[in-house]
Amino acid sequence: MTHASPYWNPVLETLPPEQLERLQLKKFRRIFKWAYDRSSFHRSLYDQAGITPDDIRSLDDIRQVPKVEKHMMRGIQGKPPFPYGDALCVPLEEVTEFRQTSGTTGQPVYQPDTWQDWEWWAECWAFILWAQGYRPRDRVLIPFGYNVFVAFWAGHYGAEKVGCEVVPGGVLDTAARVMKIRELKATAMMGTPTYMLAMAEVARNRLDIDPAALTIEKITCAGEPGAGIAGTKQRIESAWGAKVYDHAGATEIGAWSFECDAQPGGMHVNSAMFLVEIEDPDTGEPITEPGRRGKMIITALDRMAQPCIRFDAKDVIEWAAEPCPCGRTFPVIKGGVVGRTDDITKVKGVLLAPTAIEEVVRGIGGLSDEYEVIVTKKGDSDKICLKVELLPDAKDRQHEIDSRLIDQLRLKTNLRYDIEYFDFGTLPRYDVKAKRFKDLRKKG
Ligand SMILES: [Zn+2]
């Protein structure tokens, strides 16, 4: 491999679209037949729909294949073989990795992988990291508590595969991780947007270290939409003096997308390894044109132990209109994952995506990175309250900040908020994923 190539896999990443589609169809047929032959969960799902591997002759035929939802994967875990259930397509002896979902939306789902699957995870991450400028000279700190969650385990192995030197920052606390960056002159790191901001705050306020003066050149964010939100991305970039790249992946799916160093305002789908479809959440009709949002249906084309075939990930995405200047033929989703179908909710009769509020708050100077949104019901009407923190040096500008905030929120979300101001450091801090949106209406 020549280090001069901008692509990890120069053949696959520049494959003409019709060849990419042929590859996807071939791989889909293989994984479909694999699951049909080996897992009674998949077999009975497909038998009920009256579809067999021979029925898949074109990419259009794939839409006949039933979708799998998260609650179905939860449902099979009581069945043998313990602990995974009957979506398992390999003998238990071949499983080498146990992971589980974080359980933010309910009971965690167990995820088995074989060693071959694990190498596939690392390969997927190699595409991501190479596209973001990771090279063998990099020293990558992973400031993350290694656990049963897949996050950043695969990033760790991917970075090794690319040839980087990897520093596991697992059991260290935040201050010790910052000190480690300084001690080792680490050049890159990975984390959730929430944690990248929290770490910068600890550096500044507890250690009196300016994180931008450290040696971090690039940060790969995952786990939350933040790195796709302009205001949040800009805050992380200026805090660390580094380029920030977005990535989305999931335990049940794999590492399916990445922002490249051309930063086209969205993320590439790794179409050599995943098939992404977008469909209208109400009608189920496929969306192939750019600029129309829908929910993602995704297939991991090469994952064998517990296949992911037409999984309804609840992610809201849309295709970008323009190809990326980097030359990759992998299509781009505009703005990354813009929300989750679960999160988009009606407030005062208006559809609200919480990411729109983040975009506004993080785009206004004088406010800290923290905020909280609380929706309640009074009588028949919804009330929406936004809590923000004023930075100490912005106290005399509260009036001006307040009117900007009100204007921007109305413009971006069509809603009026009760805004409450707090002193810096008083709202809750989160280590990994933040819980900033609280809908209290259902509990009365
Ligand atoms: Zn690109």
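For ligands, and for the atoms within them, numbers begin at 1 and follow the listed sequence.
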_Aromatic plane relationship, Tyr46 with His42 - under 30° parallel, 30 to 60° tilted, over 60° perpendicular_ = tilted

*Could Arg292 and Asp280 be called an ion pair, given the rule that one side-chain N must be under 4.0 Å from one carboxylate O?*
yes

*Using the test ring pair (Phe, Tyr, Trp, His ring centres under 6.0 Å), find all partners of Phe98 that sit at least two apart in sequence or belong to another chain.*
Tyr110

_Can you pull out every ring pair (Phe, Tyr, Trp, His ring centres under 6.0 Å) where at least one residue sits in residues 311-345? Sequence neighbours excluded, please._
none

*Could you name all protein N, O or S atoms found under 2.8 Å from the Zn ion (ligand 1)?*
Cys260 SG, His268 NE2, Cys324 SG, Cys326 SG

Under 3.5 Å donor-acceptor pairs involving side-chain atoms of residues 185-198, not counting sequence neighbours:
| unit_1 | atom_1 | unit_2 | atom_2 | d |
| --- | --- | --- | --- | --- |
| Thr187 | OG1 | Asp138 | OD1 | 2.7 |
| Thr187 | OG1 | Arg139 | N | 3.0 |
| Thr187 | OG1 | Arg139 | O | 3.3 |
| Thr192 | OG1 | Tyr195 | N | 3.2 |
| Thr192 | OG1 | Val432 | O | 2.8 |
| Thr194 | OG1 | Glu224 | OE1 | 2.8 |
| Thr194 | OG1 | Glu224 | OE2 | 2.8 |
| Tyr195 | OH | Thr174 | OG1 | 2.8 |
| Tyr195 | OH | Arg177 | NH1 | 2.8 |

*Aromatic ring proximity Tyr157/Trp118, centre distance under 6.0 Å*: yes

